[in-house]
Amino acid sequence: MNKVVTRFAPSPTGFMHIGGVRTAIFAYLTARKYGGTFILRIEDTDKEREVEGSIEHIQKALRWLNLEWNYGPDKPGPFGSCIQSERLPTYKEFALKLIEKGLAYPDPYTAGQVETFRKKAEAEKRPFLYRDHRPKEFGVWDGTKPLRLKVPEVKRWHWKDAVRGDLEGGEEMLDDFVLIKSDGYPTYNFAHIIDDHLMGVTHILRADEFISSTPRFLSLYQALDIEPPVFATLPPILRDDRTKKLGKRDGAKDVMEYEREGYLSEAMLNYLTLLGWHPSDDREILSLDEILKEFSLERIQKAGAVFDEEKLKWFNRQYILRKSDEEFSERAQTFLPEWMSTKTTAFKRLLPVLKDKIQVFGEISGLFGEGGELHFIKALPDYTVELLLWKKNPDRAAALANLNECRDLLGKIRNEDFSAEAVKAAVWPYAEAKGRGEVLWPLRMALTGQDKSPDPFVCAAILGKDESLSRIDQAVKKCISEK
């Protein structure tokens, strides 16, 4: 197992789906588990679907998850480039070998002729197979027409999958498929087998949609006298109703959207690893080192796994709570408004509140935005005197008396000692004696002008002594002057 080589081979179509990322993770883990090699190969032979900037996007996504590759688009290997469009001479070389063996031929038919064959098969209620129309004599391939494989042997194939066990596929799956298109680019069916062979890939971790194509792949391995690698078919990632695979129409997002929303890469890696794999015990929170220690193909499950964004948020919160104050502040800075900095005393006092409230760092923006629980820090909203009155005893005189007493109690705290704990110690006995709601409600409204905010002790500490006293004074004036 010390010679294990795996690869992740996405197409540069501009979207890094959760399912593809999970495949990359499992391929990476398989290689690293046995001290092997992990290759990032870009399969860009379908130029019509290619999106500019996708290669960089793929690399950014994998590096965000700390999935570094040994060879990739930026790291050519002893076999050459890891970008398929830069390997065209290699595919032509193997195509010529098949032609020499009588196992490849140029497509002699027009698109219209092929469509006629297809319609005839449909009318006769039988599957359309190109090999049924294979020409008796093969012409010379000059590259202007598609090159097709002549299936070397029509038979029922049996193979062993490292996850699914014994699998098989019949003759109906075998056909003379295209190896190289008329534009000179190879098809996936051809190129990936050549590249896996030359790159020394030993284990292919793949999605379940490739099972039906495996007889074709095995036919090509046979034609080229190549020993097939180990196939490991991963369980599908399902939408929450378990009826089908998660797709874009079901809300599946590009993985980098989660990064922009403030998810942590460690949480994403941990969660996606558990979609279809489990350790030997019931642990859920596992570091990459802990995952590698436990990981094996044998522990990959066959059944599909549901992608649950609420569960992902739970994972993310566990990792947030494990962050040091310095680490938390560094990540939070991206989502703070311009008027708030992690270097201020207010933020340092606020930090425990933020840690307690959020599941995802992106939620910080909403907390500080207008109407958010922490917007009061920027400025005191305009509010009416009615909001100062405790709902169970909406008495203005009582609110005024309680605010004056709170101001006196806070005023006695030394500036250097002004903290949430000190404010609570000063105010709590009075609130207990007079009624918590009657005291704490007008105090919190005076400090924030909002009906949703942290408790008044924390709010006072965040604002500081001078600002807290100033806001209480404004509330007192409201009680006296407003009708």
Side-chain angles (χ1 to χ4, degrees), residues 9 11 43-49 84-85 87-88 90-159 167-197 204 206-226 228-229 231 233:
S11 298
E43 300 195 337
D44 62 338
T45 61
D46 187 348
K47 289 301 181 180
E48 292 184 0
R49 296 180 61 234
Q84 286 188 335
S85 62
R87 299 174 59 80
L88 300 187
T90 298
Y91 309 126
K92 185 175 181 180
E93 176 187 339
F94 276 82
L96 293 175
K97 288 180 181 180
L98 290 171
I99 291 173
E100 289 173 9
K101 296 170 71 172
L103 293 176
Y105 61 92
D107 191 331
Y109 303 114
T110 65
Q113 288 174 311
V114 173
E115 185 60 25
T116 298
F117 298 152
R118 190 184 306 278
K119 287 182 178 179
K120 183 180 180 182
E122 289 176 359
E124 295 174 357
K125 296 183 179 180
R126 58 181 175 82
F128 168 69
L129 294 171
Y130 198 94
R131 58 183 164 86
D132 291 341
H133 306 277
R134 183 188 299 157
K136 293 180 180 179
E137 293 184 5
F138 298 162
V140 176
W141 182 56
D142 61 6
T144 62
K145 291 191 174 184
L147 185 71
R148 286 185 179 268
L149 173 72
K150 175 188 174 184
V151 177
E153 184 180 6
V154 177
K155 67 174 187 178
R156 190 161 194 82
W157 283 94
H158 299 265
W159 69 95
L167 298 174
E168 60 181 89
E171 298 85 341
E172 72 281 357
M173 300 309 301
L174 297 174
D175 204 2
D176 291 1
F177 60 84
V178 173
L179 302 173
I180 295 182
K181 297 173 288 185
S182 59
D183 62 4
Y185 285 94
T187 61
Y188 167 80
N189 290 337
F190 185 46
H192 89 275
I193 287 178
I194 305 304
D195 287 340
D196 287 342
H197 170 61
I204 295 178
R206 61 186 190 172
D208 59 353
E209 61 258 30
F210 293 104
I211 291 178
S212 62
S213 300
T214 303
R216 292 188 180 189
F217 302 157
L218 293 172
S219 292
L220 186 51
Y221 284 120
Q222 177 181 304
L224 293 170
D225 297 318
I226 294 174
F231 298 117
T233 302

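These values consider heavy atoms only, across backbone and side chains, with no hydrogens, waters or symmetry-generated copies.
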>> Tell me whether Asp225 is salt-bridged to Lys101, with the criterion being a basic N under 4.0 Å from an acidic carboxylate O.
In response: yes
>> Rounded to the nearest 0.5 Å, what separates atom CD1 in Ile226 from atom CG in Leu218?
In response: 12.0 Å
>> Between Glu48 and Asp183, is the side-chain contact (heavy atoms from CB on, under 4.5 Å) condition met? List the steps.
In response: CA-CA 11 Å; Glu48 292 184 0; Asp183 62 4; over 6 Å; no
>> Please give me the minimum heavy-atom distance between Leu147 and Pro106, naming the atom from each residue.
In response: CD1-N, 3.8 Å
>> Just to verify, what does Phe210 make a ring-ring contact (aromatic ring centres under 6.0 Å, His included) with, not counting sequence neighbours?
In response: Tyr188
> Considering all heavy atoms of both residues, which atom of Asn189 and which atom of Leu220 are nearest to each other, and what is their separation?
Replying inline: O-CD2, 3.5 Å
> If every non-hydrogen atom of Ala191 is compared with every non-hydrogen atom of Pro186, which pair is closest and at what distance?
Replying inline: CB-CG, 3.7 Å
>> How close do Ala95 and Trp141 get, counting heavy atoms only, and between which atoms?
In response: CB-CZ3, 4.4 Å
> Is the CZ atom of Arg49 crowded by more than 12 outside heavy atoms at less than 6.0 Å?
Replying inline: no
>> Taking side chain to side chain donor-acceptor pair (under 3.5 Å) as the criterion, tell me which of Arg134, Arg131, His133 meets it with Asp176.
In response: Arg134
> Any idea which heavy atoms bring Gly102 and Phe138 closest together, and the distance?
Replying inline: O-CE1, 3.7 Å
>> So, taking the atom named CD1 in Ile194 and the one named CZ in Arg87, what distance separates them when rounded to the nearest 0.5 Å?
In response: 9.5 Å
> Side chain of Thr45, backbone of Thr187: donor and acceptor closer than 3.5 Å?
Replying inline: no
> Does the pair Phe128 and Val114 meet the rule for a side-chain contact (heavy atoms from CB on, under 4.5 Å), with working shown?
Replying inline: CA-CA 10 Å; Phe128 168 69; Val114 173; 4.0 Å; yes
>> Take a 6.0 Å sphere around NZ of Lys119 and say whether it holds more than 12 heavy atoms from other residues, nucleotides or ligands.
In response: no
>> Exactly one of Tyr91, Tyr221, Phe217 should register a ring-ring contact (aromatic ring centres under 6.0 Å, His included) with His192. Which one does?
In response: Phe217
>> So, applying salt bridge (Lys or Arg N to Asp or Glu O under 4.0 Å) with Asp107, which one of Lys150, Lys181, Arg148 is it?
In response: Arg148
>> Rounded to the nearest 0.5 Å, what separates atom CD in Glu172 from atom CG in Leu174?
In response: 8.0 Å
> Is there a side-chain contact between His197 and Phe94 (heavy atoms, below 4.5 Å)?
Replying inline: yes
> So do Pro135 and Tyr105 actually touch side chain to side chain, heavy atoms under 4.5 Å?
Replying inline: yes
> Hey, does the side chain of Arg156 reach the backbone of Glu168 with a donor-acceptor pair shorter than 3.5 angstrom?
Replying inline: no
> When rounded to the nearest 0.5 angstrom, what distance separates CD in Glu171 from NZ in Lys155?
Replying inline: 10.5 Å
>> Applying side chain to side chain donor-acceptor pair (under 3.5 Å) to Thr214 and Arg206, what does each step give before you reach the verdict?
In response: CA-CA 11 Å; Thr214 303; Arg206 61 186 190 172; 2.9 Å; yes
>> Let me confirm one number: the CD-CG distance from Glu43 to Asp195, rounded to the nearest 0.5 Å.
In response: 7.0 Å
> Between CZ of Phe190 and CZ of Phe177, what distance do you get to the nearest 0.5 Å?
Replying inline: 8.5 Å
>> On a heavy-atom basis, which atom in Asp44 and which in Ser85 lie closest, and how many Å separate them?
In response: OD2-OG, 2.6 Å
